[in-house]
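Take a look at the structure below.
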Amino acid sequence: MPTVNIFYKDKAQEKTLVQLTGELRSYIADKLSCKDIRLSSNEITVRLVKTDRGSRMIGSVELEITAHAFPERVEKQDEICNDIRKYIQGKYPRLGEVRVW
């Protein structure tokens, strides 16, 4: 089961991130689906992780996705991450800079 950890610092972002969670699960399930496996949104675990002020982050919001390394996913991993990043920033620009790994 793929997991997504969403790291953020600003408490004000939390409400938006909670709203985003449902649709993000569906979007990520679609992006991670491949010929070897079709995923549904209920197979994606999303965790919101508020970091403290001492944390050094590259983006305002950072997503860390962990999933089985099917060859098709590995070949497209940069494309998948960039698509997810663009999706979030396009729908929720108020979150600021989003990074995805």
Output yes when [X] and [Y] qualify as a salt bridge under the 4.0 Å nitrogen-oxygen rule, no when they do not.
{"X": "Arg25", "Y": "Glu23", "result": "no"}
{"X": "Glu79", "Y": "Lys31", "result": "no"}
{"X": "Arg47", "Y": "Glu64", "result": "no"}

Distance (rounded to the nearest 0.5 Å) between [X] [atom1] and [Y] [atom2]:
{"X": "Leu24", "Y": "Gln19", "atom1": "CG", "atom2": "CD", "answer": "13.0 Å"}
{"X": "Gln77", "Y": "Phe70", "atom1": "CD", "atom2": "CZ", "answer": "14.5 Å"}
{"X": "Glu62", "Y": "Met57", "atom1": "CD", "atom2": "CE", "answer": "4.0 Å"}
{"X": "Glu72", "Y": "Ser33", "atom1": "CD", "atom2": "OG", "answer": "9.5 Å"}

Within the side chain of [X], is there an N or O that forms a donor-acceptor pair under 3.5 Å with the backbone of [Y]?
{"X": "Thr51", "Y": "Tyr8", "value": "yes"}
{"X": "Arg85", "Y": "Val98", "value": "yes"}
{"X": "Gln89", "Y": "Lys86", "value": "no"}
{"X": "Gln13", "Y": "Leu95", "value": "yes"}
{"X": "Arg73", "Y": "Leu32", "value": "yes"}
{"X": "Glu14", "Y": "Lys11", "value": "no"}

_Could you see if Tyr92 belongs to whatever hydrophobic cluster contains Val46? Use Ile, Leu, Val, Met, Phe, Trp, Tyr and a side-chain cutoff under 4.5 Å._
yes

*Compare all side-chain heavy atoms of Leu20 with those of Val18 and state whether any distance is below 4.5 angstrom.*
no

_Side chains of Ile65 and Ile84 in contact at under 4.5 Å (non-hydrogen atoms)_ = yes

_Reference residue Ile44; test side chain to side chain contact (heavy atoms under 4.5 Å, CB included); the match among Thr21, Val4, Thr3_ = Val4

